[in-house]
Protein chains: 4
Amino acid sequence: MVEAGSAARRGRPRSEAARSAVLTAAAELALEGGPAAATVEAIAKRAHVSRTTIYKWWPSAASIVLEGLLDAVRASITRPSGSTSVQALVHHVSSLNAILADPAVGPLLRNVIAASTSDPAIERAVLDQWIAPRRAAVAVTLREAVDRGELPGDVDIEVAVDALVSPPYYRLVLGMPPLAAEAVDRLVETVWSGCRH
Amino acid sequence: MVEAGSAARRGRPRSEAARSAVLTAAAELALEGGPAAATVEAIAKRAHVSRTTIYKWWPSAASIVLEGLLDAVRASITRPSGSTSVQALVHHVSSLNAILADPAVGPLLRNVIAASTSDPAIERAVLDQWIAPRRAAVAVTLREAVDRGELPGDVDIEVAVDALVSPPYYRLVLGMPPLAAEAVDRLVETVWSGCRH
Amino acid sequence: MVEAGSAARRGRPRSEAARSAVLTAAAELALEGGPAAATVEAIAKRAHVSRTTIYKWWPSAASIVLEGLLDAVRASITRPSGSTSVQALVHHVSSLNAILADPAVGPLLRNVIAASTSDPAIERAVLDQWIAPRRAAVAVTLREAVDRGELPGDVDIEVAVDALVSPPYYRLVLGMPPLAAEAVDRLVETVWSGCRH
Amino acid sequence: MVEAGSAARRGRPRSEAARSAVLTAAAELALEGGPAAATVEAIAKRAHVSRTTIYKWWPSAASIVLEGLLDAVRASITRPSGSTSVQALVHHVSSLNAILADPAVGPLLRNVIAASTSDPAIERAVLDQWIAPRRAAVAVTLREAVDRGELPGDVDIEVAVDALVSPPYYRLVLGMPPLAAEAVDRLVETVWSGCRH
DNA sequence: TTCTAATCGAGACGGTACGTCAGGTCTTCTC
DNA sequence: GAGAAGACCTGACGTACCGTCTCGATTAGAA
């Protein structure tokens with residue numbers, strides 16, 4: 001999709017100012033007034049960008065919010081070097097929980113997840129670009145623990161990942177209060193020791 | 001909402017036929033065409049009921065779907081007598097998972113949860129009438145296990161409930177495949193033994 | 001199209017206020033700013049009527065202008081009793097010329113004729129409801145003159161009608177100055193005596 | 001607009017291929033799909049020319065159609081030498097009628113006339129470059145007849161011209177069937193003898 | 001031969017209006 | 001008084017063209 005260096009491109013280049021204004025406006029509107037407020041029309045007006053330009057680059061308002069979200073939390077999956085498996089898991093789940101509890105991120109993600117119900121493209125993007133990499137990070141940590149003999153070889157990784165990452169999403173999506181930090185610790189400990197029999 | 005016997009009521013009584021036709025039409029439309037298809041307009045047309053009547057009794061299309069949902073799975077929370085704690089938990093989580101995986105229920109609930117994002121009334125109703133009773137059933141079972149000494153007294157019930165019930169919702173809402181029956185078994189076993197240290 | 005007395009009609013009746021506000025607004029806009037100004041959007045705004053209501057009753061902006069035009073000049077075809085054939089023809093052509101030269105009518109008709117180029121429905125309506133009755137009035141007068149022996153029996157009525165009524169339209173549509181009253185007199189005299197050989 | 005010989009112009013010269021491709025494409029589109037089809041966008045696409053180029057040379061789609069029209073029928077006004085006045089008039093009106101009835105010309109002219117309603121530049125061009133020369137040819141013939149004593153000196157030339165040339169335009173613009181050849185003959189005879197008293 | 005001036009093509013952009021859809025409200029008549 | 005029918009307003013949708021604006025590529029005469 002992106003040319004390698006030289007590639008001369010004809011025509012007027014895309015306006016980066018317009019793109020970022022749209023992303024910002026969408027996020028602000030969604031945070032202020034909920035998903036219903038982030039219409040293409042309102043975004044265009046606030047971003048001082050024409051509606052046609054928006055439709056040229058994005059298929060729906062939800063896709064704009066999603067792109068802004070992915071931009072904002074890009075590279076937020078880190079694994080602390082020199083730590084025990086449990087510490088690594090706590091780090092993963094804690095940072096996931098923190099992101100979802102962040103008042104500037106959680107509501108946006110909730111909107112996007114709601115939109116994914118009626119828009120397969122959004123659903124795919126959420127799964128591929130948001131869910132999958134985060135599940136993978138947890139799964140890798142668990143598999144390394146199995147390799148090191150810390151966990152038995154018959155552990156069902158998928159089930160363990162589900163138990164670890166579901167609660168923050170569940171609470172976000174249903175409008176329940178987010179997990180406290182200590183609750184996250186207990187959750188990880190419970191699942192970890194449950195995996196060891 | 002429903003009066004007790006005596007009140008006599010003047011005028012034409014509410015049509016039960018209209019109510020059930022509306023609920024059925026809403027469910028069918030939502031299953032056939034997703035959330036976007038279950039508009040008040042379409043429901044009215046399919047149910048052969050006037051739009052005015054619908055607006056008189058329900059505030060939104062989502063509330064109709066929710067009411068139909070609650071009608072359909074009323075009294076679906078049962079606890080098998082004469083069973084071990086683990087068996088009871090497996091029963092609870094399995095039946096929850098089965099309901100959410102049911103192609104006639106899951107999509108509807110997913111719609112309603114999506115609608116709860118932008119409608120506080122729906123959010124409240126989902127929490128109070130759907131989520132709370134099911135969490136309570138699991139929590140009661142866990143507390144009984146603590147009382148019987150099967151689990152230590154310092155178990156964090158809320159965390160354990162989260163770990164047990166979140167995965168089916170998480171998978172439903174994100175459009176992932178539902179948990180297999182054996183995965184449910186392993187999930188309960190993992191959390192149960194994790195709670196025992 | 002309209003029911004005779006009894007018919008009782010269910011539902012909210014059509015708003016006559018809205019209809020006339022739309023017709024007035026369309027005429028005003030078309031007179032002020034030319035055909036390009038009389039958009040459905042602008043008409044709706046000026047008439048304080050919603051766009052949807054307009055689309056419910058009219059298929060296009062031009063059809064609104066046309067309806068207003070037909071309303072305004074309804075029953076404008078009269079034939080003076082007790083007059084010679086030539087006087088009757090002068091009357092017909094003069095009043096046609098006056099209407100087309102009327103600054104409150106001519107421009108509107110010109111707009112509608114322009115719209116008829118790209119809209120067959122408008123074209124049909126103009127021919128049937130505007131052109132045909134006026135041609136018929138002239139043709140009747142000519143045929144009566146033939147019957148009375150004032151004109152020979154082999155006169156080509158259609159050709160004579162064309163010669164009499166075309167010039168005012170021609171001048172209107174091309175933006176030329178309208179015919180003066182005396183020019184109309186001379187036109188009728190010329191065609192009349194030309195028909196007598 | 002056109003340079004006097006020598007001037008030599010620097011820079012890339014205007015592409016004649018582009019010009020004629022645009023004129024052809026505009027005519028084809030207008031004939032196929034009516035005035036609404038001949039948009040600048042569609043013309044550009046069919047002519048394989050960029051929109052910018054079109055806007056550089058023409059102010060509107062209608063002006064393109066008009067230019068093509070004038071190109072096509074240039075020098076179509078001829079007067080047959082050695083003929084009576086009536087024959088010359090019949091020749092003029094017949095060829096005008098034939099041009100307007102030509103399925104490759106009439107619809108285009110009708111489009112352009114419609115566009116003249118909302119575009120003063122088009123209106124001017126139509127009057128100056130299309131209408132005026134044709135009226136002049138007829139008027140000259142009539143004046144020669146007066147000079148030769150075939151017509152009385154008090155003939156109103158303008159009125160006579162109107163009566164002769166209006167009908168074909170009138171019928172074209174309103175979508176009526178064109179005049180038959182014999183009808184043209186009768187029209188000229190009627191007006192001619194009407195002018196002689 | 002390089003400059004320089006004009007063209008042409010490609011495509012992004014801000015706009016305006018389109019015609020449609022759904023949400024809600026209101027008015028009238030019927031059961 | 002409930003319900004049906006239907007007119008109405010509001011607001012957003014996604015699309016089509018408009019006319020303007022950068023760009024780069026091309027083509028010639030002029031320095």
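Quick caveat: nothing in here was measured; it's all calculated off a predicted structure. Here is the naming used below: chain letters follow the sequence lines, and residue numbers restart at 1 for every chain.
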On the side chain of [X], is there an atom forming a donor-acceptor pair with the base of [N] - under 3.5 Å, no angle test?
{"X": "C:R14", "N": "F:dG6", "result": "no"}
{"X": "A:S50", "N": "E:dG14", "result": "yes"}
{"X": "D:R51", "N": "E:dG9", "result": "no"}
{"X": "A:T39", "N": "F:dG11", "result": "no"}
{"X": "A:T52", "N": "E:dG15", "result": "yes"}
{"X": "D:R12", "N": "E:dT7", "result": "yes"}

Whichever of D:P13 and C:K56 has its nearest DNA chain F nucleotide further upstream toward 5'
C:K56
Note: for D:E41 and A:A61 on DNA chain F, the residue whose nearest nucleotide lies more 5' is A:A61
Rounded to the Å, how far apart are [X] [atom1] and [N] [atom2]?
{"X": "D:W58", "N": "E:dC8", "atom1": "CH2", "atom2": "P", "answer": "9 Å"}
{"X": "C:I43", "N": "E:dG19", "atom1": "CD1", "atom2": "C1'", "answer": "14 Å"}
{"X": "A:D119", "N": "F:dG14", "atom1": "CG", "atom2": "P", "answer": "10 Å"}
{"X": "B:K45", "N": "E:dA22", "atom1": "NZ", "atom2": "C1'", "answer": "13 Å"}
{"X": "B:L29", "N": "E:dC21", "atom1": "CG", "atom2": "P", "answer": "16 Å"}
{"X": "D:I54", "N": "E:dG11", "atom1": "CD1", "atom2": "P", "answer": "16 Å"}
{"X": "D:R46", "N": "E:dG9", "atom1": "CZ", "atom2": "P", "answer": "17 Å"}

Got B:S116 and A:R110 here, is their nearest side-chain heavy-atom distance under 4.5 Å?
yes
[X] [atom1] to [Y] [atom2] distance, which is reported to the nearest 0.5 Å:
{"X": "A:T53", "Y": "A:W58", "atom1": "OG1", "atom2": "CH2", "result": "9.0 Å"}
{"X": "A:L29", "Y": "A:T24", "atom1": "CG", "atom2": "OG1", "result": "11.0 Å"}
{"X": "C:T117", "Y": "C:E123", "atom1": "OG1", "atom2": "CD", "result": "7.5 Å"}

For A:E16 and for C:Y55, locate the closest nucleotide of DNA chain E by heavy-atom distance; then report the residue assigned to the nucleotide nearer the 5' terminus.
A:E16
Do the side-chain N or O atoms of D:W57 get closer than 4.0 angstrom to the phosphate oxygens (OP1, OP2) of E:dT7?
no
Please pick, from F:dG3, F:dG14, E:dA17, the nucleotide with the shortest atom-to-atom distance to any side-chain atom of A:V40.
F:dG14
Considering residues at least two apart in sequence or located in another chain, which fulfil the side chain to side chain donor-acceptor pair (under 3.5 Å) criterion with B:S118?
none
